[in-house]
Each structure stands twice: as C-alpha cells, then as structure tokens.
Amino acid sequence: MSKGNQYAKKTLSARVATFMYHEVTDDPTQSGFQRKSALPYKHGTLEFERHLEQIRQSSITPNLAHLIDFSLPQRNIMLTFDDGGKSAMYIADQIEKLSWKGHFFITTSMISSRCFLSKRDIIDLDSRGHVIGSHSHTHPDIFYNLSRQKMIEEWQISCDKLSQIIRKPVNMASIPGGDMNMLSQMTASLTGIKYLFTSEPTLTPWLTGELICIGRVCPKRGASLKVVRDFVQFRGFRKQLVIRKTKQLIKRALSSLYAWRMNRSRR
C-alpha cells in the first residue's frame, strides 16, 4: 500500500459536537498561559456554569472518545479542556456534579509550573475517570510549520511524560493552536496516538489511516448562550467553519507576506 493510500482520509458516520474549553477561573492570572491572546479562552465560573446548563438540557450525555462507536450514525457530545492549567481541577469538580467526564489535554513542559497542573493533579484526574491526553510538549502555536522530526518529538515527549505519570499508555491528543495539516496527523499516528482533536468546527469525524480525527467548537468568553445552545443542538457548525477558513486564509496570506518582506529586506 502506498503512503498516500495508507493515510487517505475517510469520513466516519458518527456526528459529534465536541466542545473545546481552556481555563475556568474568576482570576485569569492564576491559571493557564498568561499571554494576552489566552484571555478570550478563560471563562468565569458563572459563565461556565451556564454553558454546562445548556449542555445538560440536551438529551445527549457527554461521552469519552474511546467509548464512542464512530461507525454508527448517532449523535454524540464530548467535552475537552486544553493546556493543563490549574483550573482543570475546578472544571473536573463541576462536570462530575453532573456525572460527566472530560478530556484534559496537557502541555507537558508546563507541568508543575505556577499556573499549571502538578503531577499529583494529573494522577488525580486520571483516577477519577477523566481522559489525560497530550497537548504537545512545548505548545508551538503554529504546529503545522514544524518539521516532521520536530512534530514527532513534540508528540513523543509529551505522551511519554504523561504515560510515566499516570502509568498507562496515552493515545489521545489535541493540536496546539488548533490548525493541522496531513503531516500533523501522520506524525501523531506514528507516535501511537489514536484520537486527535483539532479546532476544525465540524460535526463529522474522519479517519486518517488508523487515526480518528475529531473537530471541535470553542465558545469563547462572552459568547451568547444561544451560540452554546445551537452547538448542543448540532447547529451553527457550517457557519463557524466558513469563519475559520476565512481567518486561516488571511493568517497564512499575512504570514507569506511577512516572509516575503523579510527575504526582500535581506537583499
């Protein structure tokens, strides 16, 4: 089988509304990354509680990726939390009140630093039935620009560190920055990852080789409850996809223009 056929994309039958959150805290200086760009992804506790209520009103109980049969044309909801900030412990408490479990994706270079989870916290989350996964080792913001070897290192180091902490294999990950290309998927698969979450706002998961790829939506801080309610009812994803594709085109065009100007200035 050629490499192209080996990693051919195949859409799966399940429909999955996967929510992506980061921090939930009333003091953003105490959890997660502290750069300005992280603020839109830090929800207050009351706002998060209201989001959970919208999800609770759905007839679908949030599930975990490894418990979903993606070959069945059924609707599913999942909850994911990126970065590994300290507020993950509060988040886990809140969703457990509803008898839910979540996926917590950890940036392993930040473990035990001031605003991030400790090893003991990660062990605790795992023991409570939540999924522990990789969010890369160093969180490169433009992951698809890395070389093949660098991608493999990011996945391998992160998964190995987490496996050593929870004493079991880690086979789920989310892409830092959200954007990915085929190389991102191939390198994840090569390092033993079975489920890869992106920020592509799609309800349709797909198979790349043996890797299950899952899109997500991110209701940012200040989003209306109607937006959350639409996502829970499997609406609004196409609009979000158009918006994201447009932003990606602009970002990549600006990146190319910047590179062209830098090259020209060196002449």
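Reckoned from all heavy atoms, side chains included, excluding hydrogens, waters and symmetry mates.
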Residue pair L98, I55: steps toward the side-chain contact (heavy atoms from CB on, under 4.5 Å) verdict:
CA-CA 10 Å; L98 297 165; I55 297 170; over 6 Å; no
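- Annotation: side chain of D126 is in contact with side chain of K168 (closest heavy-atom distance under 4.5 Å).
- Checked against side chain to side chain donor-acceptor pair (under 3.5 Å), T187 has the following partners two or more places apart in sequence or in another chain: W155.
- Cluster annotation: L146 and L211 are assigned to the same hydrophobic cluster (Ile/Leu/Val/Met/Phe/Trp/Tyr, side-chain heavy-atom contacts under 4.5 Å, transitive).
- In this structure, the side chain to side chain donor-acceptor pair (under 3.5 Å) partners of Q54, at least two apart in sequence or on a different chain, are R229.
- Looking at heavy atoms from C-beta onward, V131 lies out of side-chain contact with Y195 at the 4.5 angstrom threshold.
- Side-chain N or O atoms of T18 include none that pairs as donor or acceptor with a backbone N or O of R216 at under 3.5 Å.
- Judged by the 6.0 Å distance and 45° axis criteria, R15 is not positioned over the aromatic ring of F234.
- Linking Ile, Leu, Val, Met, Phe, Trp and Tyr residues whenever their side-chain heavy atoms come within less than 4.5 Å places I106 and Y90 in a single cluster.
- The two atoms that bring P219 and H43 nearest to each other are O-NE2, 2.7 Å, heavy atoms only.
- A heavy-atom distance below 4.5 Å is not found between the side chains of M172 and I132.
- Considering every non-hydrogen atom in both W206 and L12, the closest pair reads C-CD1, 3.9 Å.
- Residue V24 is grouped with residue L117 when hydrophobic side chains (ILVMFWY) are merged at heavy-atom distances under 4.5 angstrom, including chains of intermediate members.
- Among residue pairs with one or both ends in residues 29-51, those qualifying as salt bridge (Lys or Arg N to Asp or Glu O under 4.0 Å) are R35-D141; sequence neighbours excluded.
- The heavy-atom pair separating F231 from A17 by the smallest distance is O-CB, 3.8 Å.
- In this structure, a donor-acceptor pair under 3.5 Å is present between the side chains of D69 and S71.
- Between the CD atom in Q74 and the CD1 atom in I60 there is a gap of 9.5 Å [rounded to 0.5 Å].
- The closest donor-acceptor contact from the side chain of N171 to the backbone of P169 lies at 3.5 Å or more, if one exists at all.
- Not counting sequence neighbours, S127 has no partner by the side chain to side chain donor-acceptor pair (under 3.5 Å) test.
- With rounding to the nearest 0.5 angstrom, the CZ atom of F143 is 8.5 Å from the OG1 atom of T138.
- To the nearest 0.5 Å, the span separating CG on L52 from CD1 on I95 amounts to 8.0 Å.
- A heavy-atom distance below 4.5 Å is not found between the side chains of K194 and I212.
- Two residues are said to be in side-chain contact when any heavy atoms from C-beta on lie closer than 4.5 Å; V232 and F19 meet this criterion.
- Aromatic ring pairs are classed by plane angle as parallel below 30°, tilted from 30° to 60° and perpendicular above 60°; the pair H103 and F197 is tilted.
- Side chain of K86 to main chain of R114: a donor-acceptor pair is present (N/O by atom type, distance under 3.5 Å, no hydrogens or angles).
- Of all heavy-atom pairs between F81 and G102, the closest is CE1-CA, 4.3 Å.
- Y21 and F48 have perpendicular rings, their planes meeting at more than 60° on a 0 to 90° scale where under 30° would count as parallel.
- Interatomic distance, S134 OG to I193 CD1, rounded to the nearest 0.5 Å: 5.5 Å.
- S163 places a side-chain N or O within donor-acceptor distance of the main-chain N or O of V170, the cut-off being under 3.5 Å.
- Using a 3.5 Å distance cut-off with no hydrogens or angles, the side chains of E210 and S189 do not pair a donor with an acceptor.
- Taken together through direct or relayed side-chain contacts under 4.5 Å among Ile, Leu, Val, Met, Phe, Trp and Tyr, M151 and I157 form parts of separate hydrophobic clusters.
- Note on R120 versus D124: no salt bridge recorded, every NZ/NE/NH1/NH2 to OD/OE distance being 4.0 Å or above.
- Here the side chains of F33 and H22 are not in contact, with every heavy-atom distance at 4.5 Å or above.
- In this structure, K150 contributes its side chain and N145 its backbone to no donor-acceptor pair below 3.5 Å.
- Atom-to-atom distance recorded for I123:CD1 and R167:CZ is 7.5 Å, nearest 0.5 angstrom.
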Derivation and outcome, side-chain contact (heavy atoms from CB on, under 4.5 Å), residues M20 and T198:
CA-CA 9 Å; M20 174 177 63; T198 177; over 6 Å; no
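- Using a 4.5 Å heavy-atom threshold, the side chains of L196 and M180 count as touching.
- Using a distance-only test at 3.5 Å, with no hydrogens or angles considered, no donor-acceptor pair links the side chain of D82 to the main chain of P176.
- When all heavy atoms are compared, the tightest approach of P205 to I214 is CB-CG1, 4.4 Å.
- Nearest heavy atoms, A92 versus L125: CB-CD2, 3.5 Å.
- For the pair I91/F104, a side-chain contact is recorded, criterion being any heavy-atom separation below 4.5 Å from C-beta on.
- Hydrophobic clustering (side-chain heavy atoms under 4.5 Å, transitive across Ile, Leu, Val, Met, Phe, Trp, Tyr) keeps L64 apart from L203.
- For the pair S158 (side chain) and S136 (backbone), a donor-acceptor distance under 3.5 Å is present.
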Pair C159, T191 - check side-chain contact (heavy atoms from CB on, under 4.5 Å), show working.
CA-CA 8 Å; C159 289; T191 52; 5.5 Å; no
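- In this structure a side-chain-to-backbone donor-acceptor pair under 3.5 Å is present from Q34 to P28.
- Judged by distance alone, with hydrogens and angles left aside, the side-chain atoms of T107 form no donor-acceptor pair with the main-chain N or O of H137 at under 3.5 Å.
- Between atom CD1 of residue I165 and atom OG of residue S118 there is a gap of 9.0 Å, rounded to the nearest 0.5 Å.
- The stretch residues 52-75 participates, sequence neighbours left out, in no ring pair (Phe, Tyr, Trp, His ring centres under 6.0 Å) pair at all.
- The side chain to side chain donor-acceptor pair (under 3.5 Å) test applied to H135 returns D83, H139, S174, not counting sequence neighbours.
- Panel note: side chain R238, backbone G236; no donor-acceptor pair is recorded below 3.5 Å.
- A side-chain donor-acceptor contact under 3.5 Å links E23 and S31.
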